[in-house]
Amino acid sequence: MEKIPILKMGDFLLVTIQVDMHDRLALALQDDLTRTISQTEAHGVLIDISTLEIVDSFIGRMLSNIAAMSRVLDAETVVVGMQPAVAITLVELGLSLPGVRTALNVDAGMELLRASVKATKEMYGSRLH
Amino acid sequence: MAVVSTENVPVKTEPDVVTVRRRVREVSSQLGLSLVDQTKIITAASELARNTIIYGGGGSMQVQTLNGPRVGLRLTFEDNGPGIPDVDLALRDGFTTGSGLGLGLGGSKRLVNEFEIFSKPGAGTRITITRWK
Ligand SMILES: Nc1ncnc2c1ncn2[C@@H]1O[C@H](COP(=O)(O)OP(=O)(O)O)[C@@H](O)[C@H]1O
Ligand SMILES: [Mg+2]
């Protein structure tokens, strides 16, 4: 079965969704990501959806699930590149993507991840004193 | 109202949802719908196609392009599944008898200009959506 590649970049995992995912492929990505986060001890996940033409309730639920599971595994998830038409449609559909952080593009998403990892480290650092 | 073209697309297995999205994208873009309107009707079609498969046991989507007086795209999803006992309840956001978010019916209704549903227990389900240019 086809698979969506997960790239490791330092402390972070990068996923670029480049195909119109059928439901099982989306579920497989969710499982793969969870496994990879725990194996690599990554602290951040960046999901680039700039080529996605739609986000329906199934894909929306997948994004929320990934964010929730990564949080349990001590990793932050940021979804980047959502097209304006997709964002408008999402709101009308009634999807609020609970727990999902978003950024305009990959650079802004990386910035957000770095800042949140730094903040976490500082929080733990200060607790040691 | 003039129907310019009619076409049937099978909606039976999970990968058919992807085919439905692709076909609705092609036709709505040929009709000249705006990008936002294309995105809305594709998203609605994706929700309804998934319902047809999961709850209706499979069926079909009829694609009609309309012209005169207005240009538009009309999609009809039909199955011979168990039907919906309480349509008003099923349309409510958050209501699901499966494991979804319960946004498919209510959400797709909000995404189109016209939404019609006929469903009866034992008699299957037929949902027609229209998006005007
Ligand atoms: N084609 C159908 N045949 C039978 N029941 C359906 C059909 N479509 C929707 N339903 C019923 O309506 C409910 C709500 O559908 P929907 O709003 O898409 O939410 P979800 O798919 O998340 O359950 C479904 O859980 C199901 O009980
Ligand atoms: Mg549904």
Side-chain angles (χ1 to χ4, degrees), chain A residues 1-4 16-32 34 47-69 77 79-100 102 104, chain B residues 11-29 33-55 75 77 90-96 98-113 115 129 131:
Chain A
M1 199 178 85
E2 55 180 330
K3 251 178 123 175
I4 294 172
T16 307
I17 299 174
Q18 270 165 335
V19 291
D20 187 348
M21 290 184 292
H22 56 85
D23 293 359
R24 230 168 329 132
L25 190 58
L27 289 178
L29 173 63
Q30 194 175 306
D31 291 349
D32 277 357
T34 313
I47 304 177
D48 184 356
I49 62 164
S50 54
T51 66
L52 268 195
E53 293 182 328
I54 66 139
V55 172
D56 65 7
S57 67
F58 194 88
I59 298 166
R61 190 170 56 138
M62 173 202 79
L63 294 173
S64 290
N65 285 349
I66 290 173
M69 287 188 297
T77 298
V79 171
V80 305
M82 187 186 294
Q83 291 177 19
V86 173
I88 292 167
T89 302
L90 262 187
V91 172
E92 222 155 291
L93 185 64
L95 263 181
S96 56
L97 297 188
V100 179
T102 56
L104 278 185
Chain B
V11 185
K12 293 191 161 46
T13 63
E14 196 207 295
D16 289 344
V17 179
V18 176
T19 313
V20 161
R21 290 198 290 249
R22 192 183 313 136
R23 193 64 195 124
V24 176
R25 161 74 71 199
E26 284 163 2
V27 178
S28 59
S29 127
L33 262 60
S34 73
L35 182 61
V36 171
D37 287 349
Q38 288 179 38
T39 307
K40 286 180 179 178
I41 195 158
I42 298 165
T43 306
S46 183
E47 295 291 345
L48 298 178
R50 186 179 292 108
N51 284 354
T52 300
I53 294 162
I54 294 180
Y55 301 113
L75 307 173
F77 293 84
L91 274 164
R92 234 177 263 166
D93 282 356
F95 177 84
T96 179
S99 57
L101 293 174
L103 290 174
L105 287 181
S108 53
K109 187 176 179 183
R110 286 189 288 274
L111 290 173
V112 296
N113 300 119
F115 182 97
I129 58 175
R131 184 88 219 177

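In this text, all values refer to a predicted model and were calculated from it rather than measured experimentally. The chains referred to below are lettered A, B, ... by the order of the sequence lines, with proteins before strands, and numbering in each begins at 1. All values below were derived from every heavy atom in this structure, side-chain atoms included, with hydrogens, water molecules and symmetry-related copies excluded.
Inter-residue side-chain proximity for A:Ile17 and A:Leu29 is flagged as met; some heavy-atom pair is nearer than 4.5 Å. Between A:Thr16 and A:Ile49 there is no side-chain heavy-atom pair separated by less than 4.5 Å. Taking the side chain as every heavy atom from C-beta outward, B:Ile41 and B:Ile129 approach each other to under 4.5 Å. With a 4.5 Å cut-off on side-chain heavy atoms, A:Met82 and A:Leu97 count as touching.
A distance of 4.0 Å separates CZ of A:Phe58 from CG of A:Leu27, quoted to the nearest 0.5 Å.
Across A:Gly60 and A:Val55, no two heavy atoms sit closer than the pair N-CG1, 3.7 Å. Summarising the geometry of B:Leu103 relative to A:Gly94, their closest heavy-atom pair is CD1-O, 3.7 Å, with the distance given to 0.1 Å. Summarising the geometry of B:Val24 relative to B:Ala45, their closest heavy-atom pair is CG2-CB, 4.0 Å, with the distance given to 0.1 Å.
Counting heavy-atom pairs closer than 4.5 Å to chain A, the top-ranked of the candidates B:Leu111, B:Ile42, B:Val36 is B:Leu111. In terms of heavy-atom pairs under 4.5 angstrom with chain B, the leader among A:Leu93, A:Ile54, A:Ile59, A:Leu95 is A:Leu93.
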Between chain A and chain B, going by a 3.5 Å limit, which atoms form donor-acceptor pairs, if any?
from    : atom 1 : to       : atom 2 : distance (Å)
A:Asp20 : OD1    : B:Arg21  : NE     : 3.0
A:Asp20 : OD1    : B:Arg21  : NH2    : 2.5
A:Asp20 : OD2    : B:Arg21  : NE     : 3.2
A:Met21 : O      : B:Arg21  : NH2    : 2.8
A:His22 : ND1    : B:Glu14  : OE2    : 3.1
A:Asp23 : N      : B:Glu14  : OE2    : 3.0
A:Asp23 : OD1    : B:Arg50  : NH2    : 3.0
A:Asp23 : OD2    : B:Arg50  : NE     : 2.5
A:Arg24 : N      : B:Glu14  : OE2    : 2.8
A:Arg24 : NE     : B:Glu14  : OE1    : 3.2
A:Glu53 : OE1    : B:Arg25  : NE     : 3.2
A:Asp56 : OD2    : B:Ser46  : OG     : 2.5
A:Asp56 : OD2    : B:Arg50  : NH1    : 3.2
A:Asp56 : OD2    : B:Arg50  : NH2    : 2.8
A:Ser57 : N      : B:Glu47  : OE2    : 2.5
A:Ser57 : OG     : B:Glu47  : OE1    : 2.9
A:Ser57 : OG     : B:Glu47  : OE2    : 2.9
A:Arg61 : NH1    : B:Ser99  : O      : 2.6
A:Glu92 : O      : B:Arg110 : NE     : 2.7
A:Glu92 : OE1    : B:Lys40  : NZ     : 3.3
A:Glu92 : OE2    : B:Lys40  : NZ     : 3.4
A:Leu93 : O      : B:Arg110 : NH2    : 2.9

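If you measure heavy-atom distances from A:Leu90 to chain B, you find no contacts under 4.5 Å at all. For a residue to count as touching a neighbouring chain, one of its non-hydrogen atoms must lie under 4.5 Å from one of that chain's; by this rule B:Val17 does not touch chain A.
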